[in-house]
Amino acid sequence: MDIHEYQAKERFRAAGIPVPPGEIATTADEAEAIASKYGGMVVVKAQVHSGGRGKAGGVKLAKTAAEAREHAFNILGMEINGLTVQKVLVTPAEDIATEAYVGVLVDRKNQAATFMVSAAGGVDIEEVSHSNPDAIRKLTVDPRYGLLPHQAFWLANFLYDDPGLIKQASKVIAQLYDSFVESGASMAEINPLITTPSGEVKAIDAKMSIDDSELFRRPEVASMRDSSSEPPSETKARDAGLSYVKLDGNVGCCVNGAGLAMATMDLVKYYGGAPANFLDIGGSSNPDKVVAALEIITSDPNVKSILFNIFGGITRCDDVANGIVEATRRIDIKPPIVIRLTGTNEDLALEILKEAGFSAYTSMDAVVEKAVQLAKA
Amino acid sequence: MDIHEYQAKERFRAAGIPVPPGEIATTADEAEAIASKYGGMVVVKAQVHSGGRGKAGGVKLAKTAAEAREHAFNILGMEINGLTVQKVLVTPAEDIATEAYVGVLVDRKNQAATFMVSAAGGVDIEEVSHSNPDAIRKLTVDPRYGLLPHQAFWLANFLYDDPGLIKQASKVIAQLYDSFVESGASMAEINPLITTPSGEVKAIDAKMSIDDSELFRRPEVASMRDSSSEPPSETKARDAGLSYVKLDGNVGCCVNGAGLAMATMDLVKYYGGAPANFLDIGGSSNPDKVVAALEIITSDPNVKSILFNIFGGITRCDDVANGIVEATRRIDIKPPIVIRLTGTNEDLALEILKEAGFSAYTSMDAVVEKAVQLAKA
Amino acid sequence: MAIFIDSDTRLVVQGITGRDGSFHTYQMMEYGTQVVAGVTPGKGGQTFEGPDGKSAPIFNSMDEAVAQTGANTSVIYVPPAFAANAILEAADSGVSLVVAITEGVPVLDMARAHAFARDRGVRILGPNCPGLISPGKSKVGILPAQIVMEGPVGVVSRSGTLTYEAVFQLTSVGLGQTTCVGIGGDPLIGTNFIDCLEAFNQDGDTAAIVMIGEIGGTDEQEAAEYVREHVRKPVVGFIAGRTAPPGRRMGHAGAIISGSAGTAEDKIKAFEENGIPVAKRPADIVGLIQEALA
Amino acid sequence: MAIFIDSDTRLVVQGITGRDGSFHTYQMMEYGTQVVAGVTPGKGGQTFEGPDGKSAPIFNSMDEAVAQTGANTSVIYVPPAFAANAILEAADSGVSLVVAITEGVPVLDMARAHAFARDRGVRILGPNCPGLISPGKSKVGILPAQIVMEGPVGVVSRSGTLTYEAVFQLTSVGLGQTTCVGIGGDPLIGTNFIDCLEAFNQDGDTAAIVMIGEIGGTDEQEAAEYVREHVRKPVVGFIAGRTAPPGRRMGHAGAIISGSAGTAEDKIKAFEENGIPVAKRPADIVGLIQEALA
């Protein structure tokens, strides 16, 4: 789960990281009022779960409160990478002497949290790691010991020469790690970490992703979820316990298992179609889930055909068949449905489907080919 | 630093361990009032830093508040192992079904905290560990991981058969470890951990020693020090940065270094005398420390002679000599002082002492023999 | 022969009395897996009744289960909140392989658990994996037994049902398997492609290997290099997620394209550059294996 | 020869700019120890000026100090609040021996630091120890150089000044030392009697060993058994604290008789039962060594 910049900044502040003040506005009036309160220059920043906000015009400097109002007016409602800006953060502009990058994320290879720091801030760190790896210092945190003081120092020492700045940055790095762990994060980033002309180290941007598996035990973090910034269908899918990602195509896909779901999408494309979504109904085969899945898929007006690809293992095919029949009773489904079911209780499922007037396919290729064909019709 | 039972119970309660209520009384009236408030049977328990309180008559059951008053009256002011009881804990008596022992201490061999548990509670665990080691289950906590849930379960499983009791005890053991670590303890003990007839697990006695090196960063623990229960000379020594332990003999000893100080005491005995104290003036040779040391030694009326045994390394002999001269100016020292100084700045020191009328010895044996002889005179 | 599990596998099921645990224990017993014990704290002393009169004693702790039954492998079906602790307990109990089926274990818990297992030389498979099956010998986890058969192909995959699809197609043309391993879809897994490739490479009965990857991370890329450098048997590959958009998590916690890393294109390229033919469709895997074994 | 340090020892001093650190760095340089670097965070770039024109560059971190000077040993004079972190930093820097002089390091901090050093195969001496000296070769710590001389006796002790006393008496009769090691008076120390006995036993130049113990713990008892089983050189002993009362801490954090464990009587008995003659007075150590070498 991604959280907004202003939320990540709250987490960072709670860990002691020096973060400039800031308040959230949902209207231009509010933005103006906040800017007036701070006086001086402010920055108006779109709060959306997307990179590239600056390039998209979602981050603007304002010399006056009136100008802040104007920027907020323009930014609110703006679309950035398909996401509508609902909130802006208004924060005093800082004098910047230098910009650095400090981030920590879960690293697969080392099976642990890994820091990356670079004296070149405000950059795409991943790009730097390819183009100029020497510009980055990396450190894997041994989960048995946590981040040790000399390791934080070692990272900070890569960023600055001045002992005072190194000391401040060491502290920020240690606090970032604490915040990362306390938040159950999979990624936490300060980009840029600035120094001011007077020698202060401050985090002026903040980014954090939370490990979804942590949310059950961190209600204060879970409450930061902003469903307003995602398609309602994805909110509904999450509530129903489904993994769903909306895509641009017209072939609705309903599959059990993430790998098979992706492979099915790929096969749609292979046969010349375009998948309308990723949807994994998971291992359990509760008919209610199937109903919810069909409701979500059909809420997408682009969908022209719907395919089921179910490989029964834990999932019982008859449960899925019942779900499909149930859904067609409860909701009015316009696009044609084609079904491939195999595995556990396959025969029973085919019986149920036959009775309800559905014909079923035996191979994945056949069902996908048919669905693509129907979508084009 | 040892803390009292009632203080250890406060620490345990803060960690969530079920501990019956209790209040401290310093007078018989207070004890009666507390007992009245609880109603029913109470236990009146002497709060001193000593084992064997029960045997010494320092722990009494009272059926009525009047009886509690009587017990408190008898216990307050009582001497237990040379320590005067200044406070009693009044606590409701518990119905006891079983008694177990649960303790954790720093284990030299494994270089880590180690638990010991035994289903035989209320016992001297050290004795049990020799007489019946199979009655004890031990577990060393890996400092890299802390106490893991299955380890707490493994310990609790040794104490009880009932799943409910095992679950409660697992929790208590985990909480005891937390309290141990959070308190900077070197030892924490629940003896006995009882079960009640209704199936509750409770800690009805509590013992904790704090690592003195932790106190600087744990003011809330440091404030638990009860100087009223130790000889004033030891309080004074601690304030002056000296290690001092009062003993029963009459030869005052002032030495630099703990090992040499013990060896000096041993040598006093070897030559037929008895040391009045252990005193290590430490590595630094501040003359003020020497003055404080002499004030402390001479405050013991048993002392008949005083010996200095200084092996100068970091300690500068001239500093010690100046301290001795300074002390004889400031305070009226009755017992004769004999001095052995060797090592760093020895010659300078001998000069200073000679000028002040002291004669100095060159060997440890000579100075000890002389001091013993003087004490017998 | 086979890898990781075989007829000597003596299994203890952690969370045996739960809904999933009991269902799959029954299935594993039915397949012939030696399920020698179950563990559910507080239910020690009870007995799990399986098919055909088979049963397994239930213990309160792994410690007791291993001591009293000589179990050498554990499988974990406990809920996410307790799964990492169950893994630690298993790794501390004396078993040499811990198969963690549970999905949704916090990643930082797993970082600690993996370190703990490494310290003790214990292999973890998963978490969030379907387990593994050595046809005719032993099945540990949730893979459906009816789709496998004994034979010369080793299968390793990050996915569950996609693996079933591939295995089903192999079996349907008579290409049996030595072992099918699902390594799991989480970011931090205990056993990766390379571990399995190494084991298959050393396994005398494995003649060819199917490696099924997906978007996210660079495990497949590293595995591909490993294949070129060390594996002396044909390997064929498949990558799911060619149509997955960047930055979106596709069901599996680990299936996400972050920045430029972890795309299907990149992985396919790495496979091909290192001599691993890549199937365009799951159905093409069979043909590639047949070619390899021809 | 000698143990742990010799003329190849390249020392970095952590806390070199502090009161104790600077004083003893000067002393060590004077003795001839190769002090190649100092570390004080924030003072990197400065230079420590020693005697006879000797000097050492100061770095901000151990990492830099080791990388730029090839140091293989560190000695720690930093205050107790920071000492454990300094030990962790040293153990992580590439040196193989860390000598921790600081007294008053929290014991649970040390439990963690010892584990960290064990993980990395780094030897810690101390904390709360006087360090060690290999006469004529190198001195690391605070032992007074004027009392030692080169010779055949290895000395290992939990104490500081009591060691000086014993070494002084050895030297005064012409019995020189290979190495004198103060292992420290804390409950959790990195190098114990057995580690030193093992090293002395293997050291070609050491002909006899003096082992000086004190009350508290059972290290001496275990060392005595080790001597009987493994040490092929004469060992003589001394134990301080025959008159120490139980339950009271005698200066050193580790010098306390808890219950029946750790008494001087028990240790003396263990020495004697394992063939280690015990001196009644420090002055008797010399005679016992002379007998052993006769």
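Per chain, numbering begins at 1; letters A, B, ... match sequence-line order.
- Using modelled atom types and a 3.5 Å distance limit, the side chains of C/Ser157 and C/Ser159 yield no donor-acceptor pair.
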(message) What verdict does the side chain to side chain donor-acceptor pair (under 3.5 Å) test give for B/His150 and C/Asn85, after you've listed the backbone C-alpha separation in whole Å, the side-chain angles of each residue and the deciding distance to 0.1 Å?
(response) CA-CA 7 Å; B/His150 71 274; C/Asn85 285 333; over 6 Å; no
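- Using a 4.5 Å cut-off between heavy atoms, C/Phe82 does not touch chain B at all.
- With respect to chain B, the highest number of heavy-atom pairs below 4.5 Å among C/Gly42, C/Ala86, C/Pro41 belongs to C/Gly42.
- With respect to the salt-bridge test (charged N to carboxylate O, under 4.0 angstrom), the residues B/Arg144 and B/Asp142 qualify.
- Contacts of C/Asn60 with chain B are made by both backbone and side-chain atoms, with heavy-atom separations under 4.5 Å.
- The part of B/Phe153 that comes within reach of chain C is its side chain, from C-beta onward, which places non-hydrogen atoms under 4.5 angstrom from that chain.
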(message) Quick one, B/Ser186 with B/Ser209, criterion side chain to side chain donor-acceptor pair (under 3.5 Å). Give me CA distance, side-chain angles, the key distance, then yes/no.
(response) CA-CA 6 Å; B/Ser186 53; B/Ser209 295; 4.8 Å; no
